[in-house]
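Below, chain A is the first sequence line, B the second, and so on; all start at residue 1.
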Amino acid sequence: MPVNILMPALSPTMEEGKLAKWLKKPGDAIKSGDVLAEIETDKATMEVEAVDEGVLSKILVPEGTENVKVNTPIAVIAGDVEDATASAGSEERAESAPPVVAPAAQSTGAPASAPAIPAAPKSAAPADAEIPAGTNMVTMTVREALRDAMAEEMRRDADVFVMGEEVAEYQGAYKVTQGLLQEFGAKRVIDTPITEHGFAGIGVGAAMAGLKPIVEFMTFNFAMQAIDQIVNSAAKTLYMSGGQMGCPIVFRGPNGAAARVAAQHSQDYAAWYSNIPGLKVVSPYSAADAKGLLKSAIRDPNPIIFLENEIMYGQSFEVPEIADYLVPIGKAKVARSGKDVTIVTWSIGMRYALNAAAELEKEGIDVEVIDLRTIRPMDTATIVESVKKTGRCITIEEGYPQSGVGAEIAARLMTEAFDYLDAPVIRITGKDVPMPYAANLEKLALPSIAEIVAAAKAVLYR
Amino acid sequence: MPATRAAPATKAARKPAAAKTNLPVTPPATFTKEQELEAYRIMLLIRRFEEKSGQMYGMGLIGGFCHLYIGQEAVVTGMQMASKEGDAVITGYRDHGHMLACGMAAKGVLAELTGRRGGLSKGKGGSMHMFSKEKHFYGGHGIVGAQVSLGTGLAFAHKYRGNDNVSLTYFGDGASNQGQVYESFNMAELWKLPVVYVIENNRYAMGTAVTRASAQTDFSRRGISFNIPGEQVDGMDVRAVKAAADKAIAWCRAGNGPYILEMQTYRYRGHSMSDPAKYRTREEVQKVRDESDPIEMVRNRILAQKFAGEDDLKKIDADVRNIVNEAAEFATSDPEPDPSELYTDILVES
C-alpha cells in the first residue's frame, strides 16, 4: 500500500516552509527513522524522518521549492518493490501520513492547526505620516524587524544588553535574537537559567544601577513568575524614590495565543500590565512599527512591557529604509480610513480587523481601523476623533472580556465621546474561558471575523 | 550491582554532616581608637534614631508599618566600615539603620517616616521605600526577598561596567526561604557577580522562630549547592562583622563571585511597631541585651582601653541626641507634600 509523505508542521504556528533538500532519491529503500529531507522554516532547518518502511517511489515536490503548505504530499513511499512500480500514477489513492519530525525548536509532534485567521489583506491605508514620501521600503518579517531594532540600539548604546532563556547560543527560542551573540558577544547577549523571577529581578537591579536591559521572556505566560519584580520593583521605584531612581528596562516576548498550545501558554496580558501606573505597554502589529517602537522602547527611561505575537513573527511587511527609524510610544495609527464604523485593536487583532473590513466593504460598509500600538498610555484622542466621524466603535482583543482593554476603551468613549455615539460600543474578545486545546474549541474561544462582521452590522442597525 | 550501592565504604570516610560552616570563622578585627569611636557613634545614632521613631509612631506621627533595627546595629555598621565609595547597598524594609550608616541625613529619613515633603522620597515612599542615588543606596524594599534579585542585578551592573565595586545585599532569615533567593544565588555564582549576601539572622521571621521555618538553620550553608562560600559571624560584635566583611568583600572584588555572611543577630523590638512579640519571653530579650548588646560591647572596650573617658562618650551621646532631636523637629514641622505631587514621578518624562 503506497503511503504519501506530507509536508510536516515543525512548530505550533508553522503554516508553510521550504523543501530545502532531498536526502533520498526514488528507488531508495527506506527504513523507519531514515532522514528523508531537510525543511527550512523562517526559524530553523529541520530533518524529516520516515515513519514507514518501503521504497521511495516518487518525489512530488522537488528540492528548492518554497512556500510548501503544511500537509501537502511531498513524496510517496511504496510498501514493497511491486508497489513502487505500480504506484507511479496512483498516488491520489495513497493513504496519507505525516512523517516524524526530528529535533524541533518548538515541535509538539502534532500537526499544526490551520491558522485561526488568514494574513490580513492589503488595505487602503492612509499615507503614513511617520514615513517621508519617497522613502525606499524593504520587505522584512516582524522577527527580523525586532532583531534589527535591538541590534541598532546595541550598536548605539553600550549600556543596552539582552538577557533571557535561549537568547544567545540557541539564537532565540523564536529566533528573534538571531545573530546578536555573534555581533555583540556573550557579555551583552546573555543566556539565563530558567528562572524568570530571578533574572527579571537582576534585570531590574541592573536598570536601577543605570544599565538598559532588554529582558526577553520566552513567552509572557512565563512572566507571571516574575510579575512581582515587574510591578512592585520596576514600575513603582521611581515614584517611591520621589523621582530619584528610574528603571530603564524593556520586558519583551510573545504574548497571547499561539496555536494549539492550550490554557497555560495562551494568554493575553495587555489588560494586566495596562492596569499598572509606572509601566508603558506597547504591542505592535506591523514590522515597521515593531522596529520603530522597539527602538523607542529601548531608549525610553521607563519600564516598558513590549508584547509581541508568535503568529506575527513570520509575517512580512514593508519597512522604511531609514537609518534611525523611531515610532513614538503612545501614538495610535489610523491603519485604514473609513466613515461608517471604527474598529480599535492592536497586534494580531489587526488581522481580524482588516479581514473583517474587507468583508464589510463588499457589503458597502466602510470601516476605519485604528491600530492602537500602545495600550498604556492610551491615545484616546485618536479614538475619539474617529468616533466623532463614525459614531460607532468596536474593539477587538484576544484577551478576556472582564476588565479588558476593550472595557477601558468603552469607558473612555462614554466619558469623552458620549454625545457622538450612535450605538453602544461592542467588545469582541477572547471568550471567558481558559484556552481549550481542541482545534474547534480553540477557534471558538478566539474572536472571529464573523463576530466582527455581525457586530458592525449591529452598531449600524443593519 | 549499581555503583551507587557501593557507598558504605566511602560513607564512613565522609565528613560529618554537622560541620558547621564551609569556611573557618574569621577572627574579629582589631580596631584602632578611631574605628572604635566611629563604630560607637554610628551605632548610637541608629539606636537613638530608632528609639525616637518608635516614640513618634506611638504618637501617631509615623503611620503604616515601621520596623526598627534596634539590636542589629553592629551588622550594617561593620559592613559599611569595610566598604568603599561606589559599593551598592540594598536591603528590605528594616532599612532605617542602613540609610543612616550609608550617610543619608537623619532629617531626610525621619521626614520620610512622617510623610513630609522634605523626606528622602518626598514623602511618597515611607519607612520601607527610601533610596539615595548619591549614596548608592538602592532601597528600601517592601516585598520579602525581592531585594536579593535586585541586589544581584546591582552586582551585574558593576561587573558589566568593569569596576571593582561590590553589591552589599541584605536580607533576613525569613527572606532566605524565598525561591528567588536561590535563583539569584545560582546566577550570581554562574556569572561570578560581586555580591555579598548579608543574611541578618535575627532569629525570627516576623513571629516565626528560625527553627519553625527553616530546614537548614545554618544560613552560611545556604549557598553550598551553588558553591558559594559562606560563614557565620557574631553579628553583635562589630569587630567580627568588620573582619568578615573585609574578607567577603575582598573575595568579591577579586572577581571570585558571591559570598554569604550569616550575621547572627537579634532584634530587641517586635517585627514591626504593631507586633506585641508574644512568641518569645521578656527574659530572652533581656538576656541578649545584658550579655551581648553591640553598643555596650564597644563602649566597654573604649573605656577599658582608655580610648576615651566617660565625659568624651557623654559628649558623643549628646551630639547624637542633638542630631536626632533636630531631625524630629524637622520631621514634625515640615509640611506634607503638595497635592500636585500625587501625579509626579510616575514616569520619567522624556
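If you tally non-hydrogen atom pairs under 4.5 Å between each of A/P277, A/A206, A/A226 and chain B, the highest count goes to A/A206. For the set A/G203, A/G210, A/G242, A/P377, the entry with the most heavy-atom pairs within less than 4.5 Å of chain B is A/G242.
Within the 4.5 Å cutoff, side-chain heavy atoms of A/F161 are placed close to those of B/F156. Using a 4.5 Å cut-off on side-chain heavy atoms (C-beta onward), A/L238 and B/V348 make contact.
In this structure B/S333 satisfies the side-chain contact (heavy atoms from CB on, under 4.5 Å) test together with B/E329, sequence neighbours excluded. Listed by chain and residue number, A/I383, A/V384, A/V387, A/C393, A/I409, A/A417, A/L421, A/V425 satisfy the side-chain contact (heavy atoms from CB on, under 4.5 Å) test with A/L413 (two or more places apart in sequence, or in another chain). Among residues two or more places apart in sequence or in another chain, the side-chain contact (heavy atoms from CB on, under 4.5 Å) test is passed with A/A207 by A/P213, A/C247, A/P248, A/I249.
Heavy atoms only, all atoms of each residue included: B/A157 and A/L211 are closest at CA-CD1, 3.5 Å. Closest heavy-atom contact between A/L279 and B/L347: N-CD2, 4.4 Å. Of all non-hydrogen atoms in B/L154 and A/A209, the two that sit nearest each other are CD2-CB, 3.8 Å. The heavy-atom pair separating B/F131 from A/M208 by the smallest distance is CE2-CE, 4.2 Å.
Under a cut-off of 6.0 angstrom, the local environment of CD1 in A/I194 is sparse, with at most 12 non-hydrogen atoms contributed by other residues, nucleotides or ligands. Enclosure of atom CZ in B/F65 is not indicated, since only 12 or fewer non-hydrogen atoms of other residues, nucleotides or ligands lie within 6.0 angstrom.
Within the 4.5 angstrom heavy-atom criterion, atoms from both the backbone and the side chain of B/I346 approach chain A.
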With 3.5 angstrom as the limit, list the donor-acceptor pairs from chain B to chain A, or say none if there aren't any.
from, atom 1, to, atom 2, distance (Å)
B/L120, O, A/Q244, NE2, 3.2
B/S121, OG, A/M240, O, 2.6
B/K122, NZ, A/G242, O, 3.3
B/F131, O, A/Q244, NE2, 2.9
B/K133, N, A/Q244, OE1, 3.1
B/A146, O, A/Q229, NE2, 3.1
B/Y160, O, A/K187, NZ, 2.7
B/Y160, OH, A/A158, O, 2.6
B/Y160, OH, A/V160, O, 3.4
B/Y160, OH, A/R188, NE, 3.2
B/R161, NH1, A/A209, O, 2.8
B/R161, NH2, A/A209, O, 3.2
B/Q180, OE1, A/H197, NE2, 3.3
B/Q180, OE1, A/Q229, NE2, 2.8
B/Q180, NE2, A/H197, NE2, 3.1
B/E183, OE1, A/H197, N, 3.4
B/E183, OE1, A/G198, N, 2.5
B/L342, O, A/Y239, OH, 2.8
B/D345, O, A/Y239, N, 3.2
B/V348, N, A/N302, OD1, 2.6
B/V348, O, A/N302, ND2, 2.9

